[in-house]
There are 2 protein chains.
Amino acid sequence: MPPRTALKRQVNRLPPERRISDIMAAAKDVFVEKGYNDALITDIAVRAGVVEGSIYRFFANKRELLVKVVEHWFEEMLRDDAEQFAAVRGSWNQIRFIVYTHLTSIHRDPALSRLMFQEIRPAPDYRGSHLFELNRAYTNRLVDVVKAGIAAGDLRPETSPSLVRDLVFGCIEHRTWAFLRGEGDFDPAEMADAITNLVHHGLAVGSEAASPMESVVARLETATARLEAAAGIVPAKSSPRRG
Amino acid sequence: MPPRTALKRQVNRLPPERRISDIMAAAKDVFVEKGYNDALITDIAVRAGVVEGSIYRFFANKRELLVKVVEHWFEEMLRDDAEQFAAVRGSWNQIRFIVYTHLTSIHRDPALSRLMFQEIRPAPDYRGSHLFELNRAYTNRLVDVVKAGIAAGDLRPETSPSLVRDLVFGCIEHRTWAFLRGEGDFDPAEMADAITNLVHHGLAVGSEAASPMESVVARLETATARLEAAAGIVPAKSSPRRG
DNA sequence: CGTCGATGATGAATGCTATTTATTAGTGAC
DNA sequence: GTCACTAATAAATAGCATTCATCATCGACG
């Protein structure tokens, strides 16, 4: 006769929503700690207080569980950003805000960001997924900013807004890979300024800083001043410059 | 008594280099076709004409085999590019060349590029690997171009060369992800022009197109010329501008 | 207040793969 | 011609996602 305590198995019934959120919370922890491949369903089950088979009652497989976990995170993030963004004015400030908040998300949740970049986005069914749509909404804010900037005359009319999106988000990802691998740290504010300025001004000399253009202006201004003085003319107003 | 033909197992001895290159060629094909996770050692072994165990005689594990395959590809690529690059002059042209050749590599070998981006680079031991060094050499050409451009006065002196590197390579990756997932196609030449121009000029109006700065300069140059002529002064040298 | 059916939950079984290991077959030195 | 050494093999091992046959619990209904 087998022992009663071994036969009588413990069962803990809960409402489905609760089970699902328990499993997702446990899964999030394990995926964050171990990454997708090294995360064990067994481990997730133990932490969620269920048995392996129960996870498959709610999620088709390990990958779907991952997708749901990342979706949940992403949706929360979108909600938090959206309201703040509405208040920012001016194309430079808006770009800077988007860059900064994105850097902050990466800085706060490196492991989840990694899962998004490494596991979710490369999947062949990514396009067509809910996360694709969420990410599209997220990055399209920048596209809209660029379009508005062009319409307002702030930004060069021939720029492709979608190319700017790839430039900005691609740059951010590339620059944060070392951090995502766990090497070193970065300052979101500082990096946001640097990226925004570089994207805004570009590489080429010309618009503002010391440059051939600047020296031409300096030469002209000096010459004009001398000549104006010689002719006894009162100088016109000078236009203000950003600091 | 067991049948002789079944007992007598076939053994095919070959020089190690040959075995290694056979295995690597087979592995490359399978990784390219199936991706890292879905590639089976069994499959690789069959195509290489060996048995599974033999692969482990030369490669510690599946991942090392992957790394060796990608390294081999990358080294070949570096050799091919290097000589051509040496002939290109001018910062815009050099940047355009680097962007174009990188886009061409992705376009030619999407699967291998993907393995590099998705499997190799995120690994915790990437920094410190041979591929890291190779990639560093590859991307540092751009850093050197930017430094030289700054020294020559073509590029803004306050730009961070390493940030430009991340901007360019990040943008390329971000923009080619859809293609890497097998969605649609792109034209390397066209994309290279667009990226190079955007990086070079930036977003903001100012350097070349009609802009407040431009019109101020034009006004000053006209006025100065007239006044200088009237005063009988010989104008100073003007710096050349790109067309 | 008790029984029954539906469904949540279980834990053992399955199957697929990377990796290891015990054995066997060539090969070259002596 | 023999022997030791190493390449190569094929079978065994083990880890882990996924499935499945069973069991426990809850609410409805008598």
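All values reported here derive from a predicted model rather than from experimental measurement. Letters go in sequence order (proteins before strands), and every chain restarts at 1. Only this structure's heavy atoms are used, side chains among them; waters, hydrogens and symmetry mates stay out.
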Measure from [atom1] on [X] to [atom2] on [N] and round the result to the nearest Å.
X: E64(A); N: dA17(D); atom1: CD; atom2: P; result: 16 Å
X: I55(A); N: dA17(D); atom1: CD1; atom2: P; result: 10 Å
X: N12(A); N: dT25(D); atom1: CG; atom2: P; result: 10 Å
X: N61(B); N: dG15(D); atom1: CG; atom2: P; result: 16 Å
X: N37(A); N: dT17(C); atom1: CG; atom2: P; result: 15 Å
X: R57(B); N: dT23(C); atom1: CZ; atom2: C1'; result: 13 Å
X: Y56(A); N: dG8(C); atom1: OH; atom2: P; result: 19 Å
X: L65(B); N: dA18(C); atom1: CG; atom2: P; result: 11 Å

What is the minimum heavy-atom distance between K34(A) and A39(A), and which atoms define it?
->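 That would be CB-N, 3.9 Å.
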Checking all strands, does [X] fall into the base, sugar-phosphate, or nothing category for heavy-atom contacts under 4.0 angstrom?
X: A39(B); value: sugar-phosphate
X: V51(A); value: base
X: F58(A); value: sugar-phosphate

Residues E75(B), R79(B): salt bridge by 4.0 Å N-O rule |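 Looking at R79(B) together with E75(B), the answer is no, because their closest N to O distance does not fall below 4.0 Å.
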Hey, does the side-chain of R13(B) have a donor or acceptor N/O within less than 3.5 Å of a partner on the base of dT27(C)?
->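 Absent.
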Between L40(A) and G53(A), which is nearer to the 5' end of DNA chain D once each is assigned its nearest nucleotide?
->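 Nearer the 5' end of the strand: L40(A).
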State whether F85(B) and R141(B) meet the cation-pi test: NZ (Lys) or CZ (Arg) under 6.0 Å from the six-membered ring centroid, and within 45° of the perpendicular axis.
->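 The answer is yes, since R141(B) meets both limits relative to F85(B).
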Find out whether the Lys NZ or Arg CZ of R63(B) is both under 6.0 angstrom from the six-membered ring centre of Y36(B) and within 45° of the ring's axis.
->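 Pair R63(B)/Y36(B) counts as cation-pi.
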Short side-chain N/O contact from R19(A) to OP1 or OP2 of dA9(C), under 4.0 Å |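 Affirmative; the distance criterion is met.
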Quick one: sort the Y138(B) and F169(B) rings into parallel, tilted or perpendicular, breaks at 30° and 60°.
->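 Geometry flag for F169(B) against Y138(B): tilted rings.
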